[in-house]
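Sharing a structure, written as structure tokens. Questions coming.
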Amino acid sequence: MARIHPTAIVDAKAQVDEDVEIGPYCIVEDAVTLGAGTVLRSGAVIRRYTTLGRGNFVDSHTVIGGDPQDFKFDPRQVSYVRIGDNNIIREYVTISRATGEGNATIIGNNTMWMTGAHAGHNAVIEDNVILVNGSAVGGHATIGTGAILSAHALVHQFCWIGRNVMTQGQSGFSTHVPPFTLCANINCCIGLNGIGLRRNPKVTETDRAEVKEAFKLLYRRRLSARESLAAMDAHTEWGWAASEFRQFIHNVREARKPHNRGLCPLRRRIMSGEE
């Protein structure tokens with residue numbers, strides 16, 4: 001039987017697994033599903049049309065499934081937040097449900113949301129993402145697997161942040177950020193995320209070399225976007241990692257409104273002595 005504190009308010013229509021813990025003063029609305037092993041700490045609010053999978057931890061004063069902060073939203077619409085398994089969601093996090101009938105804000109598995117992080121309506125946060133304190137993801141944005149948004153980093157709506165990207169604290173992005181890169185300041189790519197590449201168990205030494213070559217073709221060889229992509233496409237031997245990097249660039253070039261945000265440019269690190 002679920003362990004529900006007597007001060008919690010849990011709607012009779014909510015589907016709560018018997019292995020769920022709900023702390024004092026929590027609110028769980030109708031049309032909510034809570035999977036086995038999920039824990040809600042005191043004061044957490046789970047709004048209607050929200051699904052949490054197994055083993056999730058939701059800390060105090062978090063609000064999941066609140067109405068989107070979008071003037072176009074019609075409260076009569078049925079839209080969703082869908083969250084996977086084994087996510088850690090700390091205090092004061094907000095995750096909005098989607099805009100548009102039947103649409104969803106989607107959170108994967110094994111993510112960590114530190115205090116005050118936010119994801120807007122229709123966002124997609126893939127597996128193993130870390131959102132550090134105060135980071136915010138705009139509506140319709142996508143954060144790729146294993147990315148890390150450092151403290152107070154901001155991602156504009158409709159932007160794509162690639163796999164294993166790491167951002168500097170207090171940075172902001174209104175352009176698409178390629179996989180495996182390090183980024184800082186405002187729309188500023190400063191290099192490859194070498195540590196992230198080495199720590200990724202799926203990335204081999206050959207993969208790292210190929211991603212490095214793809215990065216050079218894009219940013220270091222003074223080629224046009226068309227020329228760099230042509231050079232990348234010639235490497236039919238590349239494995240999954242460099243191929244994903246290349247496909248990301250193709251997707252950016254082919255993007256149509258409202259996703260035509262352009263590609264994050266390279267800025268060389270001043271501390272390195274480069275201009």
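Each residue takes its place number in the sequence, starting with 1.
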*Check step by step if salt bridge (Lys or Arg N to Asp or Glu O under 4.0 Å) holds for Lys13 and Asp11.*
CA-CA 5 Å; Lys13 296 179 182 178; Asp11 192 280; 5.9 Å; no

_Set of residues satisfying salt bridge (Lys or Arg N to Asp or Glu O under 4.0 Å) with respect to Asp19, sequence neighbours excluded_ = Arg3

*asked:* Measuring only between side-chain heavy atoms, which start at C-beta, is Leu263 closer than 4.5 Å to Leu218?
replied: yes

_Under the side chain to side chain donor-acceptor pair (under 3.5 Å) test, residues paired with Arg47 that sit two or more places apart_ = Glu29

*asked:* List the residues meeting side chain to side chain donor-acceptor pair (under 3.5 Å) with Asn164, not counting sequence neighbours, and say none if there are none.
replied: Asn200

*Which residues satisfy the side chain to side chain donor-acceptor pair (under 3.5 Å) test with Thr51, sequence neighbours excluded?*
none

*Within a reach of under 6.0 Å around CD of Glu205, are more than 12 heavy atoms found that belong to other residues, nucleotides or ligands?*
no

*Check the surroundings of atom OH in Tyr25: do more than 12 heavy atoms from other residues, nucleotides or ligands lie under 6.0 Å from it?*
no

*Among pairs that include at least one residue of residues 168-206, which meet ring pair (Phe, Tyr, Trp, His ring centres under 6.0 Å), considering only residues two or more places apart or in two chains?*
Trp160-His176

*Leu40 side chain near Glu21 side chain, heavy-atom distance below 4.5 Å*: no

Show every donor-acceptor pair shorter than 3.5 Å between a side-chain atom in residues 229-238 and any protein atom, with sequence neighbours excluded, or say none if there are none.
| unit_1 | atom_1 | unit_2 | atom_2 | d |
| --- | --- | --- | --- | --- |
| Asp233 | OD1 | His250 | NE2 | 3.0 |
| Asp233 | OD2 | His250 | NE2 | 3.2 |
| His235 | ND1 | Glu237 | OE2 | 2.9 |

*asked:* List the residues meeting side chain to side chain donor-acceptor pair (under 3.5 Å) with Thr145, not counting sequence neighbours, and say none if there are none.
replied: Glu126

_Is it the case that over 12 heavy atoms from other parts of the model lie below 6.0 angstrom from the CD1 atom of Ile186?_
yes

Side chains of residues 99-106: which donor-acceptor partners sit under 3.5 Å, not counting sequence neighbours?
| unit_1 | atom_1 | unit_2 | atom_2 | d |
| --- | --- | --- | --- | --- |
| Thr99 | OG1 | Asp70 | OD2 | 2.9 |
| Glu101 | OE1 | Val78 | N | 3.1 |
| Asn103 | ND2 | Thr99 | O | 3.0 |
| Thr105 | OG1 | Ser96 | O | 2.7 |
| Thr105 | OG1 | Asn122 | N | 2.9 |

*Got a sec, which residues hit salt bridge (Lys or Arg N to Asp or Glu O under 4.0 Å) with Asp59, two or more places apart in sequence or on another chain?*
Arg90

*What's the spacing between Ile4 CD1 and Cys26 SG if we round to 0.5 Å?*
10.0 Å

*Under 6.0 Å from the CD atom of Gln69, do we count more than 12 heavy atoms belonging to anything else shown?*
no

*In sequence, state the C-alpha distance, the side-chain angles, and the governing distance for Glu213 and Arg221, and then conclude on salt bridge (Lys or Arg N to Asp or Glu O under 4.0 Å).*
CA-CA 10 Å; Glu213 178 61 21; Arg221 298 286 175 83; 3.6 Å; yes

*Please name all residues satisfying salt bridge (Lys or Arg N to Asp or Glu O under 4.0 Å) with Arg54, sequence neighbours left out, ordered by chain then number.*
none

_Side chains of Asn86 and Asn109 only: does a donor on one sit below 3.5 Å from an acceptor on the other?_
no

*Could you give all pairs that pass the ring pair (Phe, Tyr, Trp, His ring centres under 6.0 Å) test and reach residues 127-152, with sequence neighbours left out?*
His121-His140, His140-Phe158

_ring pair (Phe, Tyr, Trp, His ring centres under 6.0 Å): pairs with one or both residues in residues 187-210, sequence neighbours excluded_ = none

*Hey, does Tyr49 have a side-chain heavy atom less than 4.5 Å from the side chain of Ser79?*
no

